[in-house]
Each structure stands twice: as structure tokens, then as C-alpha cells.
Amino acid sequence: MWRVNVSRRGAFGLGALGVVALAAFGVGTGVSAAYAATYPSWDDVQRAKNNEAAKAAEVSRIEGLIQSLTRKVAETQAAAQVASDEFYAAQQAYFAAITEADNLQAEADEQSALAESSAKKAGQIAAQLYRSGGDDTSLQLFFAGSGASADQLLSRLGTMDKFLQYNQSVYDNAVAARNAAQSLSDQAAVARDERDRLQQVAEQKMEAAQQAAEAAQAALDEQSANLATMQAQLAALKDTTATTVAQYQAGVAAREAEEKARREREAAAAAAAGGGNGGGGGTAGSGGWVRPHGGARSSSYGPRTSICGPRGCSSSFHYGADLANGCGAAIYAANSGTVDYAGSNGNYGNYVRIQHGGGVSTGYAHIKNGGIIVRRGQWVNAGQVIAYAGDTGRSFGCHLHFEVYINGGYTNPVRFMEDRGVYV
């Protein structure tokens, strides 16, 4: 389709917009108070237990840190959701603008072809008239002393007049079609300008959403890394029994080990579920392309009947292909490339986009919460697990919604992948 080049000045503008957007959300680019804080060590807790005043101060400090972490997570997640919804709305507006511009151009081309065919027809009629003598012949027939009766001559003239009227009608149609083609071409040009503008807006919204998502993830990671420990430290400080600080510390370590083992089991199970009915995820085609998910295709590309549920109604045009292989099943990079988005995207739920080069990119939607395992800027190989299927966004069951883009604009992913030997 097309590509919008971003100038150096434009790139600076995108970065500035992201900073402004995050500032509006209360997400700074520096280190927040919670992140800058020095978290208490177990030695700090042990020392504080031996002094009532110190213990009270340490309890207050830890409670404040817990509240600060919790608040920061809530704030950044809310900001990320707002940015995510704006990104989705901008992306869909851009997609709609593509359709509008393409439809107008198609109508313009149709009218142009009609004008051309009508003009040729009028020319053929004029040529026939010229070859047969045109009006001069009819006058000669009328005034010549031929044996024809007046009724016969008048009949001939009437036929000639109808012939001329028909040719005028063909000419008028050609002129009308030409004018319509020009008008539609002008409208298509305006629509393409709007399409390109909306593409830039969508990219700007994506950048802001990505920064907000990263801020939210950083806050969540910070909380995950410290909350359980601080809660255990708080319990140790408030405990008046003989339970030792070492026992609380051991409990935290045991829970962390258990959580790590659980994640590893889930990852192994999801990877093992990569096949399924309808084709195995990661199955290779040609040119480095692979099937992005296992399971059967549950919905194809193009117009469809809208489905409604508790989360709202699906769109009447489906820009991707849905593959259903069960909750938590592995999602694979359809080809090697660089991740340029990993986060929430409105009705798409959790979403990843990969740039493969040559103007081609792919999108993966409805990923489960916590199921994105790649980050923006990361290089991934074809067939590498990048996420796990879920039911986030406006979804009606766990599946992968897979899209292919050419220079940012949507295209039929089923046909695109089939041309590369991959059947989705």
C-alpha cells in the first residue's frame, strides 16, 4: 500500500508527545519517590525489633512504601489503559480511512473506464456517419430525383436523426462519466491525505501507549520484587511470638521458588500445546515464515456478522484471522524481526507488533494477562515463542487474532501467508 516517512523533526515530535502524554498521566521519566526509596533489609528489621521506637518507625516506613507502590501501580495501569484505548481508536480510524480512500479510488477508476468506453463508442458512431456520408447523404437522398417516395425518404431521415440523437446521448454519458471520475479522483486524493494523517496519529498514539505500558510494567515489577518481602518484614515487626526474622525470610524465599517453578511449568505446558487441530504453531513455510499459532481458524478475514457479548460487540469487518488453540497456548513470531509494540491495545487486549523489514509487520492480539514475554526493541527469530493466547480485550474465548500489515496498512493475512506456503 504505502509508507509515511517520519522526518527527523517528526521523530523528535513523537518523542516529545510521549513525554507530554506520560506527564499528563502522572508518569514521569525520572525515578519516582517509591522507586528512589531504599527498601529495608532483613538486618534493618532485626535491629528494629530490639527497640520499640525503632520498630514503630520501621513499621510506619514499610507501610508507607507498600502504599506508595500500590498507588503507583494503580496510577500507571490506569494511565496505560487510557493510552491503550486511544491507540486502538486511532488505529481503527486509520484502517477505516484506508477503506474510504480505496473505495473512492475504485469508483473513480470505474467512472474513468466508463468515460473511455463511451468516448470510443461515440467516436465509432461518428466514423460510421462519416463513412456513409453523414447529413450530406441524407440531403442528397431527399433532393435527388430518385424513384423513392417522399414517405421512404422521410423514414430514412428519421432513422438518421435517431442515429444522431443516440450518438449525442453516448457523448453526453462520456462527458458525465469523465466529470464524475474527476470529482471522485479529487475526493480520493483528499481521502488519501486524511489516511496518511491518521496513520501518523496512530503511530503517535502507539508510542504514547507503549511508554505508558512500560511505566505500568516497571511499577508492577517493582511491586512484585518488593511487596512480598515487605509484607513479611511488616509481619515480623508486628509479631510478638517466638517466630524469628530468619523464619519469615525463609518463607519469602520458599514462596518465590514456588512461583518460579509454577511459571516454568506453565511455560512448558504452553509450549507443548503448540500443535493442536488445524495445524501446528511454528510450522514453517517459505522465506522464513511460520504459522503463528496452533489450532483451527475460527474466523477469517473480511466482512462478518457482528457478535455481541458482555464486553460489547465485535466489528463488522475483521482485519485478521483468528486461530483457536486453547487458553495459554504458545504464540510464535511469524517471521524474524524487531518488536515495536508490546502492551495493551484497546479492544485487541494485550497486543504485540513485530516489524519484519520491507514494510511488512505482523500483529498478535488477545494475549493473556502476563502472557507477553517480549519487550519493545527486542529482536525475535521466526518461530520463537513471544506470548501466550488469552481472552483479553473484546474477545469471545481464548484465541490469537493475527494481522499482517503492509507499510502499516492492513492486508488479508490468510492470502498473504498462503502465498508463503503457510496455511492459517
- Item | Between Y348 and Q92: side-chain donor-acceptor atoms closer than 3.5 Å | yes
- Item | Centroid separation Y341 to F87 less than 6.0 Å | yes
- Which value, rounded to the nearest 0.5 Å, describes the distance between N226 atom CG and L69 atom CG? 6.5 Å
- Item | Derivation and outcome, side chain to side chain contact (heavy atoms under 4.5 Å, CB included), residues I386 and V339 | CA-CA 10 Å; I386 59 171; V339 176; 5.7 Å; no
- Item | Polar contact flag, side-chain donor to acceptor under 3.5 angstrom, D109-S112 | no
- Query: Between W289 and F416, is the ring centre distance below 6.0 Å?
  - Reply: yes
- Would you please test F402 and T362 for side chain to side chain contact (heavy atoms under 4.5 Å, CB included) and show each step? CA-CA 7 Å; F402 175 66; T362 51; 3.8 Å; yes
- Rounding to 0.5 Å, atoms OH (Y423) and CE (M417) come to a distance of 11.5 Å
- Query: Can E63 and K238 be counted as an ion pair, charged N to O under 4.0 angstrom?
  - Reply: yes
- Query: Have Q231 and Y248 got a donor and an acceptor in their side chains that come within less than 3.5 Å?
  - Reply: no
- Note on the structure: Value for OG1 (T392) from CD1 (I372), rounded to nearest 0.5 Å, stands at 8.0 Å
- Message: Any carboxylate oxygen within less than 4.0 angstrom of a Lys/Arg side-chain nitrogen, looking at E258 and R255?
- Response: no
- Message: Within the 3.5 Å criterion, strictly below it, is a donor on R178 or Q111 matched to an acceptor on the partner's side chain?
- Response: no
- Indicate yes or no for a side-chain donor-acceptor contact from Q384 to the backbone of N381 under 3.5 Å, with no hydrogens or angles considered. yes
- Message: Could you check whether Y319 and Y301 have their ring centres less than 6.0 Å apart?
- Response: no
- Message: Is a donor from one side chain sitting under 3.5 angstrom from an acceptor on the other, for T229 and Q233?
- Response: no
- Query: So, E418 and R415, do they make that salt bridge, N to O below 4.0 Å?
  - Reply: no
- Between Y410 and T99, a side-chain donor and acceptor under 3.5 Å: yes
- Message: Assess whether a salt bridge exists between R376 and E207, defined as any Lys/Arg side-chain N lying under 4.0 Å from an Asp/Glu carboxylate O.
- Response: yes
- Query: Hey, does the side chain of H293 reach the backbone of A330 with a donor-acceptor pair shorter than 3.5 angstrom?
  - Reply: yes
- Mind checking the CZ-CG spacing from R291 to L400? Nearest 0.5 Å is all I need. 9.5 Å
- Message: Once rounded to the nearest 0.5 Å, what's the spacing between atom CZ of R192 and atom CD1 of I98?
- Response: 13.0 Å
- Item | Donor-acceptor side-chain pairing of Y364 and E403 below 3.5 angstrom | no
- Taking the six-membered ring for Trp, is the centroid-to-centroid distance between H401 and H318 below 6.0 Å? yes
- Is the shortest distance from a Lys or Arg side-chain nitrogen in R353 or E203 to a carboxylate oxygen in the other one below 4.0 Å? yes
- Query: Using a distance-only test with no angle check, is there a side-chain donor-acceptor pair under 3.5 angstrom linking Q81 and D85?
  - Reply: yes
- Message: Between Q204 and Q200, is there a side-chain donor-acceptor contact under 3.5 Å, judged purely by atom types and distance?
- Response: no
- D221 and R375 ion-paired at < 4.0 Å: yes
